[in-house]
Asker: 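Dropping a structure here in structure tokens format, bear with me for questions.
Here is how names work: the chains are called A, B, and so on, in the same order as the sequence lines, proteins then strands, and each is numbered from 1.
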Amino acid sequence: MKEVKKRGRGEVGGRRWKIVSLIVSLLLCVCAAVAVVQGSLECVERVIPSAPAPNSVFEVTLKIKGELPLVVGIVEEIPEGFSFEGTDYEYYEVSGQKIAFAAINVSEIRYKVRAPSSGEGTFMGNWIDMLGDKEGDIAATTVIVGGGGAGAIGAEITPTPTPAPTVAAVTKASRVIPFLEAGKEVGMAFKDLDVSMITVKSNKNVSNMKVIIERMERPADIPEPLGIPYTYFEIKLEGEGIESAEIGGRIEFKVDKSWISDNNIDETTVTLSRYDEKEEKWNALPTYKVGEDDTAVYFEAETPLFAIFAITGERKAEVAATPTPTPATTLMPTIPTQSPTAQTTPTQSPTTPSPKPSGCKASFVFISLIVLLLLRKRRGERNK
Amino acid sequence: MIILLLLEFSVSATEYPLNITDSAGREVTITAPIKKIIVLNSDAAEAVKVLGRVESIVGVTDSVKKKSYYFPELQDKETVGTWKEFDYEKIAELAKNEITGRNDPTLVITYTFKLEPAEKLEGIENITVVAFDFYKEEKLCEEVEKLGKILNMEERAQEFIDWWREKRAAVEDAVSKSISAESISEGELANEILSYLRATYLGTTEGHLDLERLRRHAWFYVHGSKPWVFIEGTAKGLEDIATKGNGSSDHATCTLAGGYNIAGELGGAYPHVSWEWVLERNPDVIIKGVYTSGWGWSGVEEPAELVEDIKSRPGADSIFAVKDDRVYVCCNEPLYGMDSVVGLTYWAKIIHPKLDLDPKAVYIEYLTNFMNISYPEGTIFVYPEV
């Protein structure tokens, strides 16, 4: 009963939460972009008013982060009910709710959208770096027409889940192996991803095999793995002869040192787990530390096949034995997407923290504290 | 007779002693007009021949004799060793004047990385050792000019240098224009990207470039239309293929010819790579240099087989060079040394087929004007023909 009441409070404040979470995610994306110094294209961000007026025309700005020269293909998908009103940028094309841009040596593109009379919608998009081999998503952005006032959205609307605290520069990448000879290993390096190297080996010859790696959120119908999740990703293989071949390999990945220290993780417990769809369970893979640098620790694990993976770690034993409340514990019950377990476990960290530059971590904590103070203040007012 | 008179004239015009610095950085003094020349490699033999003093050569290495097509007049000269080991007693003997019993002023030409002759022959009267390479693009003209001074053939040296520079400039000019003409405009690239995005994300079914080709076009737009070139040397299997990196003469030739050497970013001048690496880099053009047993190929069978060998490697049909039928084999003869501008012209034509250049005509000019031999009609130097 108490819990229902808590949830109800979250629903009442959901729209404000949405706005707050949008601000948080935008700030963090900007922070991530600042922290990334290497490479041509770093990421594409969307800047958009979170609460456009009903039927108004508002501007969406796509910020293309990176050093010139830049050649990027971008596809934006605007939500149903919203309509594309035009752009001053020369190279674009519209089809239904999708707009394709060929961004050549520009650092931003602006386009106009007309809002419906009410409701909300989520803008999505993705980008392809034409001068590198990177692809990624533009973080989804939800806008609420009318500013989220009491009459704008029905009380039953569930607040949009907060995007991951940080947005990695690259969320998706792929490599093509023209020919994978049976019994021979082929390695592929990845930059700006949690996975730094994938080595594949097949029992049969495979031609034109595409290896696609994509960072993901844990789908709701997949259970949580043991330990504290660092990130989830999926590795898919496409190509001729894939079905009949047994293809396994090694995955080298890195874990941010700041995540390890901030969460008091025992480095020796960092594990790569593969999700077994048939058994509907996570299988921990033997994981070994292979090195480290100033910012990350590198691990390697062997897998018999490629699927959905999770990187997890466990807290150091002595800390787990004497849990101490942290500011985050007060914050957590108010996060609408938090599971009951997380809410009642004082030392549990927020779910699915993503790898991020260390500077962003500090910003996230700082912003979280501000949000926390605002909420406390609001609660205090309510209690009065 | 006329040649002899000219020689006499030039000899009398030179002042001795003549001090020069050779390419090994050695200070060398020529005390009297050179009467005899001993060449310790074929590059030196070619340089002396181009400067019109081939009749002064009295000793050669076996590598010179192997090139009978370039040096028919040297086949009966004394052999003083191989390209790496020399018979110093023979060299000293050849320098001696049978009538006077003293050494004639004799010039011994060696590579800069083979300075042993300078040590072994030091102090022997009238024998002067100079180190020149004659195969390094950046030093070639300077070396020819110095050899012209030493041999009192400065006008001939200048004639060659002018010709060489003219042909090189012709390639540079043509390549520059080609890169400019073939360059992709911003609008063209934008349309290609939009076509791809339309087909991939917007659900239309129109034709479009695949992502790899599109990315190559984007690279061309930014860096100029320089095709990606893989220079293949000896292949000892799919795991060990010799290629040419930054610092090699092939890298310089490729760059001058308007290509982007994909191995240029690897460390070292002569790296080795695997075929998988080549597939991953996906070159637009593959050029395999071959040291033929003779002068080029007399028929298409052998070069065609070499091309087919590359095209039939696993995964080869996934790379642009094979898809676009741009795998070439080249005879290395006109690529290195005094005739390297001929090889440069061939490579420019391979890399940019639309160039208004005629490599065969350049080769004919070189052979007739400087080597006094005829172009071997029917011989294949590049396959497929350009």
Asker: Heavy atoms under 4.5 Å from chain A: which residues of residues 165-176 of chain B carry them?
Answerer: none
Asker: By side chain to side chain donor-acceptor pair (under 3.5 Å), which residues pair with B/Lys244, not counting sequence neighbours?
Answerer: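 For B/Lys244, the residues satisfying side chain to side chain donor-acceptor pair (under 3.5 Å) (neighbours in sequence not counted) are B/Asp250, B/Tyr336.
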Asker: When heavy-atom pairs shorter than 4.5 Å are enumerated against chain A, which of B/Leu214, B/Ile193, B/Leu211, B/Ile319 gives the highest number?
Answerer: B/Ile193
Asker: Closest approach of B/Leu197 and A/Gly73, non-hydrogen atoms and distance?
Answerer: CD1-CA, 3.9 Å
Asker: Quick one: which residue pairs count as a ring pair (Phe, Tyr, Trp, His ring centres under 6.0 Å) with a foot in residues 64-83 of chain A, not counting sequence neighbours?
Answerer: A/Phe82-A/Phe123
Asker: When you scan chain B against chain A, which donor-acceptor pairs turn up at less than 3.5 Å?
Answerer:
{"from": "B/Glu186", "atom 1": "OE2", "to": "A/Tyr91", "atom 2": "OH", "distance (Å)": "3.0"}
{"from": "B/Arg198", "atom 1": "NE", "to": "A/Glu93", "atom 2": "OE2", "distance (Å)": "3.2"}
{"from": "B/Arg198", "atom 1": "NH1", "to": "A/Glu93", "atom 2": "OE1", "distance (Å)": "2.3"}
{"from": "B/Arg198", "atom 1": "NH1", "to": "A/Glu93", "atom 2": "OE2", "distance (Å)": "2.5"}
{"from": "B/Tyr201", "atom 1": "O", "to": "A/Lys98", "atom 2": "NZ", "distance (Å)": "3.1"}
{"from": "B/Arg215", "atom 1": "NE", "to": "A/Asp129", "atom 2": "O", "distance (Å)": "2.9"}
{"from": "B/Arg215", "atom 1": "NE", "to": "A/Gly132", "atom 2": "O", "distance (Å)": "2.8"}
{"from": "B/Arg215", "atom 1": "NH2", "to": "A/Asp129", "atom 2": "O", "distance (Å)": "3.0"}
{"from": "B/Arg215", "atom 1": "NH2", "to": "A/Lys134", "atom 2": "O", "distance (Å)": "3.3"}

Asker: With a 4.5 angstrom heavy-atom cut-off, is it the side chain or the backbone of A/Ile74 that approaches chain B, or both, or neither?
Answerer: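 Answer is backbone: N, CA, C or O of A/Ile74 sit under 4.5 Å from chain B.
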Asker: For A/Pro69 and B/Val222, which heavy atoms make the closest approach, and how far apart are they?
Answerer: CG-CG1, 3.4 Å
Asker: On a heavy-atom basis, which atom in B/Ala218 and which in A/Val71 lie closest, and how many Å separate them?
Answerer: CB-CG1, 4.0 Å
